[in-house]
Amino acid sequence: MSRLDTPENARWRQTARDIAEKVIRPLSKKYDELQEYPWEIKDALAEAGLMGVWIPKEYGGQAGETPVLDLCIVVEEISRADPAIGVLYAVNALGSFPILVGGTDEQKKRFLPEIAAGRKLVAFCLSEKTAGSDAQGLKVRAIKDGEETWSIHGEKKWTTNGGAADIYTVFAVTDPTSRSRRISAFLVEKDMEGFSIGKVEDKMGIRAVPVVETVFDGVKVGNDRLLGGRPGMGFRHAMMTLDRARPGVAAQGVGCAQGALELATVYAMRRQQFGKSISGFQMVQEMLANMSTKTEAARQLVYYCARQLDAGLDNTTLVAAQAKLYATDVSMEVTTDAVQIFGGYGYMRDYPIEKLMRDAKITQIYEGTNQIQRLVVARGLLKEAENLTHLNAYIPEEHQEVYEE
Ligand code: CAA
């Protein structure tokens, strides 16, 4: 339990930890092997009220003073037992944030209560075969085919939760001639004509949650499903969503690292070599100490970012990218070191540690690769440097012209 948790943070942490230990951890191996959606786990999360953590009370949720921090705490606690369930849960926040940041009041009232109650699951359809990092390069089209109606055509890639989800937040090109108002978002439901699931991916990690292609073959939607009620806002809504959702991926990284650290520590105390447990060897101790320090630093960056979002501060894009890239890089390092501590056993499927290394890898890739996060951080830094012109006086004369260009 974090000593800085508020009573509300502590309550969500304890609720998530109880489910993680009693329900999720015992079923983790089964669903990793089956690669099937674990409905029994989703039901336990919904029954505990966890699907409403980030949704305001006026829209049927349970959000308190610090909804983003509470979301991160829950994702971390779940991921500590099983990072695949961490994303299975968090992807509902990713899919519903566009409604929260860009939806009309009518859309919020119509869709959010069902999501908050866990009766409906939601997915986020942004990426396509040829539009991953370049999210503006979408090809899926929504064509206005009547006064109040649109039809959506094309295919989306990497839809996490696809097939399980009832609601799909779909980003599509509505004005190919515009540079900045090209894209709009639509709320599509699974039983709509023309919507189907394409290829179901066979994945290295996060195997309990489905990742699929989603197909839109002339799906007809009314203006009431155009997010925010006016076209052209889609890219902005997607970026605002990712600013809020990336701390959740970061929290998945922290939980995964913490889970690996704990298993590696317990194993190091039990594993005997050269007549004593390997936890007594300084090289192993050094690894454990570094793993623990990096995990804690990542956790504090994630919480700091979440608190900024909860305080409604502007310009959280940079810190969200920092949290995502740092925590997920740490997760990959810590899980790799944990496998090393387990030695040959760590490489084997009947030990629990190799799964965490497989699950960690995707966190460096999805919701913006860590290369894209570095690009976002660097752009933010260069922008902030515009306020550092007083330092110009300390740059030798020969570089003055270059600086001013
Ligand atoms: N908040 C609000 N608006 C923003 C914004 C933000 N964080 N970032 C950019 N914008 C606005 C800009 O102000 C600009 O607006 P104007 O045109 O009105 O001036 C517009 O958006 C375009 O911005 P950029 O010129 O910066 O856009 P870009 O093409 O250079 O792209 C990028 C920037 C950071 C590379 C962006 O494309 C990006 O984040 N790419 C990665 C996408 C991503 O994360 N995909 C993962 C999808 S989810 C997933 O992984 C699947 C899953 O289910 C888990």
Side-chain angles (χ1 to χ4, degrees), residues 2 4-13 16 49-76 89-109 111-113 115-116 122 124 126 135 169 185 227-230 232-252 254 298-327 367-368 373 376-377 379-381 383-384 386-387:
S2 165
L4 293 178
D5 278 355
T6 64
E8 196 167 55
N9 300 153
R11 184 168 63 79
W12 286 123
R13 188 185 294 281
L50 291 171
M51 305 303 276
V53 165
W54 64 91
I55 296 178
K57 293 198 171 86
E58 59 186 307
Y59 301 117
Q62 309 241 22
E65 301 277 301
T66 56
V68 181
L69 180 58
D70 292 331
L71 170 66
C72 288
I73 287 171
V74 172
V75 175
E76 177 189 335
Y89 168 76
V91 76
N92 291 284
L94 173 70
S96 51
F97 277 140
I99 308 175
L100 277 165
V101 301
T104 61
D105 196 48
E106 194 274 326
Q107 287 167 340
K108 290 178 187 172
K109 286 185 176 136
F111 293 102
L112 294 175
I115 298 169
V122 56
F124 180 78
L126 179 67
T169 315
L227 195 74
R230 64 187 174 112
M233 299 303 291
F235 191 72
R236 197 177 146 71
H237 289 153
M239 292 298 110
M240 290 169 74
T241 291
L242 290 169
D243 286 347
R244 282 155 184 77
R246 283 174 179 160
V249 181
Q252 191 194 332
V254 171
R299 176 180 291 114
Q300 295 312 322
L301 183 55
V302 175
Y303 290 3
Y304 170 69
C305 170
R307 287 190 177 107
Q308 288 201 19
L309 279 156
D310 285 329
L313 299 188
D314 295 338
N315 297 329
T316 46
T317 303
L318 188 147
V319 71
Q322 286 176 325
K324 196 275 184 186
L325 84 87
Y326 185 72
E367 290 196 35
Q373 309 306 324
V376 170
V377 172
R379 279 185 186 182
L381 281 181
K383 195 153 178 271
E384 282 174 11
E386 286 165 14
N387 300 322

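Every heavy atom of this structure was used, including side-chain atoms; hydrogens, water molecules and symmetry mates were not. Only a predicted model underlies this, so the values are computations on that prediction, with no experimental measurement involved. Just so you know, residue 1 is the first one in the sequence shown, and it goes up from there.
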Going by atom type alone, with no hydrogens or angles, which donor-acceptor pairs under 3.5 Å involve a side-chain atom of residues 233-241 and a protein atom two or more places apart or on another chain?
unit_1, atom_1, unit_2, atom_2, d
His237, ND1, Met233, O, 3.4
Thr241, OG1, His237, O, 2.8

Q. Minimum heavy-atom separation for Pro247 to Leu242, with atom names?
A. CD-O, 4.4 Å
Q: Under the side chain to side chain contact (heavy atoms under 4.5 Å, CB included) rule, what do Leu318 and Val376 come out as? Steps first, then yes or no, please.
A: CA-CA 6 Å; Leu318 188 147; Val376 170; 5.7 Å; no
**Q.** Lys109: partners by side chain to side chain donor-acceptor pair (under 3.5 Å), with sequence neighbours left out
**A.** Asp105
Q.
Looking at Gln373 and Glu367, would you say the former's side chain and the latter's main chain have a donor-acceptor pair under 3.5 Å?
A. yes
Q | Minimum-distance pair of heavy atoms, taken over all atoms of Val75 and Gln252 | A | CG1-N, 3.7 Å
Q.
Using every non-hydrogen atom in the two residues, find where Leu71 and Phe97 come nearest and quote the distance to one decimal.
A. CD2-CZ, 3.9 Å
Q. For the atom pair CD1 (Ile115) and OH (Tyr59), what is the distance rounded to the nearest 0.5 Å?
A. 13.0 Å
Q | The single option from Thr169, Val122, Val91, Val101 passing side chain to side chain contact (heavy atoms under 4.5 Å, CB included) against Ser96 | A | Val122
**Q.** Contacts of Ala323 that satisfy side chain to side chain contact (heavy atoms under 4.5 Å, CB included) - sequence neighbours left out
**A.** Ala250, Leu301, Val302, Cys305
(Q) Nearest 0.5 Å, please: how far is CD in Gln300 from CZ in Arg307? (A) 7.0 Å
Q. If we ignore angles and hydrogens, is there a donor and acceptor under 3.5 Å between the side chains of Gln308 and Tyr304?
A. yes
Q | Nearest-0.5 Å distance, CG of residue Asp243 to OG1 of residue Thr316 | A | 5.0 Å
**Q.** Glu65, CD: over 12 other non-hydrogen atoms inside 6.0 angstrom
**A.** no
Q | Shortest non-hydrogen contact from Ala245 toward Leu94 | A | CB-CD1, 3.6 Å
**Q.** Interatomic distance, Thr66 atom OG1 to Tyr303 atom OH [nearest 0.5 angstrom]
**A.** 11.0 Å
Q: Could you walk me through whether Ile99 and Lys108 pass the side chain to side chain contact (heavy atoms under 4.5 Å, CB included) test, one step at a time?
A: CA-CA 6 Å; Ile99 308 175; Lys108 290 178 187 172; 4.1 Å; yes
Q) Between Leu227 and Pro98, which heavy-atom pair has the shortest distance, and what is it? A) CD2-O, 3.4 Å
Q. Where the side chain of Gln322 meets the backbone of Val377, is there a donor-acceptor pair that is under 3.5 Å apart?
A. no
Q. Which heavy-atom pair separates Trp54 from Leu50 by the least distance, and what is that distance?
A. CZ3-O, 3.8 Å
(Q) Main chain of Leu69, side chain of Asp310: is a donor-acceptor contact present, judged purely on distance under 3.5 Å? (A) yes
Q. Got a second to check how far Thr317's OG1 is from Lys383's NZ, nearest 0.5 Å?
A. 9.0 Å
